[in-house]
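Note that the structure is a prediction, hence the values are computed from the model and not measured. Just so you know, ligand 1 is whichever comes first in the structure, and atom 1 is the first atom listed for that ligand.
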Amino acid sequence: MEDEDCPDLVPIDAGVVQDSEPGSGRRIPVTIITGYLGAGKTTLLNYILTEQHSKRIAVILNEFGEGSALEKSLAISQGGELYEEWLELRNGCLCCSVKDSGVKAIENLMQKRGKFDYILLETTGLADPGAVASMFWVDSELGSDIYLDGIVSVVDAKHGLQVSCPFFFFQMYRQVALADLIIINKTDLVSGEELNKVRTSVRSINGLVKILETQRSRVDLSNVLDLHAFDSLSGISLQKKLENMKTTHAHLDKGIMTVTFEVLGNIKEENLNLFIQNLLWEKNVKDKTGRTMDVIRLKGLVSIQGKSHQVIVQGVHELYDLEETAVAWKEDEERTNRLVLIGMSNFVSFSHSSYAKNTVVGCSRKARITLLPLIG
Ligand SMILES: Nc1nc2c(ncn2[C@@H]2O[C@H](COP(=O)(O)OP(=O)(O)OP(=O)(O)O)[C@@H](O)[C@H]2O)c(=O)[nH]1
């Protein structure tokens with residue numbers, strides 16, 4: 001990144017707290033920004049930090065020192081030791097360089113509550129954002145101050161999802177599998193045909209994700225912020241997506257895919273819990289050929305016995321949550337339960353075509369059998 005792209009940095013006044021105090025009840029959204037090395041995460045952050053917008057955004061960078069000009073400008077080194085420093089930008093944003101990623105940084109940031117109303121957290125290019133996302137779900141103290149709004153993953157259009165090293169490949173795949181929004185960046189470097197291929201690869205991993213295509217990470221911020229991807233507010237938009245969802249083809253024959261389930265009727269809550277726990281914890285929900293799935297992300301809308309409103313199901317790795325939405329089932333409405341699993345077959349040589357043959361309305365027969373007892 002060129003130096004002129006770097007925002008002006010101004011030291012922050014220590015201890016100044018303006019409006020909302022801790023305990024004021026207003027929770028701050030956190031967006032996790034992830035993406036493979038060099039995809040354009042920092043370019044995206046710089047864009048957000050320099051754009052004029054109505055939000056006061058605090059940015060947490062957990063990788064710095066060797067990357068872009070912004071990262072370098074935040075990497076304050078004393079005798080080789082990096083320490084935390086807060087900087088306020090001219091457009092009201094805050095920046096923080098941190099040694100420890102995630103919860104610690106956010107706890108420290110909350111000391112400065114009142115100076116910002118949104119948090120962006122950039123993970124390192126090789127990080128599994130699921131680990132960071134999970135922290136927000138399990139940390140109940142943080143939960144009263146902040147909430148996870150969404151996971152945004154930046155993909156390099158030029159390199160797509162091609163990485164030869166298996167470890168790097170699976171990290172990249174997880175970043176795509178977990179994302180609520182994918183920004184395919186650097187479209188200036190590829191032809192229309194190449195871009196199509198990248199788009200298809202992304203879609204084959206994550207059938208639910210919204211995809212934006214851009215250059216220099218320039219995106220309409222209303223598409224990036226306030227996604228409410230992890231709470232019941234996303235129920236309405238999720239319903240539309242789920243209705244049109246199909247099981248996807250496995251990505252690069254590595255068994256990475258989106259699987260959809262659709263079952264009619266009311267579900268007993270305890271049976272649903274059991275099903276999800278078998279799926280996420282015991283990992284013993286199998287398709288007809290005995291293959292299990294390592295689920296990275298789970299989403300769904302279901303009808304629970306005794307509940308008048310639709311219930312949203314959210315899962316990241318082994319954590320999951322059921323929350324009643326504001327959408328009531330109508331009297332004459334057919335109650336359809338829809339679940340989407342994004343993950344990886346436990347057999348690497350997994351072939352989509354054999355799986356597809358065994359699917360009925362996007363639902364593997366075996367899994368359908370497992371789901372049917374849920375209906376009371
Ligand atoms: N041609 C082109 N270059 C871009 C675009 N977006 C970013 N770059 C360049 O790509 C390089 C990497 O961008 P960064 O924003 O630093 O990527 P990153 O994901 O933060 O990289 P790491 O921190 O190393 O993981 C920089 O030199 C950018 O200037 C784009 O749309 N087109």
### Summary
Counting from 1 in the order shown, the ligand 1 atoms closer than 4.0 Å to a non-hydrogen atom of Y36 are 19 (O)

### Residue part near ligand 1, for L189, under 4.0 Å between non-hydrogen atoms
side chain

### Query
Any donor and acceptor pair, going by atom type alone, linking the side chain of N185 with main-chain N or O of R216 inside 3.5 Å?
yes

### Message
For ligand 1, which is the ligand I care about here, please tell me if S217 has any N or O atom under 3.5 Å from one of the ligand's N or O atoms.
### Response
no

### Message
So, using salt bridge (Lys or Arg N to Asp or Glu O under 4.0 Å) as the criterion, who are the partners of E194 when residues are at least two apart?
### Response
none

### Query
Under 3.5 Å, side chain of D149 to main-chain N/O of D226, donor-acceptor pair present?
yes

#### Entry: L37 neighbourhood, listing ligand 1 atoms whose heavy-atom distance to it stays under 4.0 Å
25 (O)

### Message
Out of all atoms in ligand 1, which are within 4.0 Å of some heavy atom of Q215? Include the element for each.
### Response
31 (O)

### Summary
Of T214, N185, D188, the residue with the heavy atom nearest atom 2 (C) of ligand 1 is D188

### Query
Should the ring pair Y147 and H228 be called parallel, tilted or perpendicular, given that the plane angle runs from 0 to 90° and is split at 30 and 60?
parallel

### Message
Just to verify, what does R218 make a side chain to side chain donor-acceptor pair (under 3.5 Å) with, not counting sequence neighbours?
### Response
none

### Query
Does ligand 1 have any atom sitting under 4.0 Å from a heavy atom of G38?
yes

### Query
Just wondering, do S308 and W329 contact through their side chains at under 4.5 Å, heavy atoms?
no

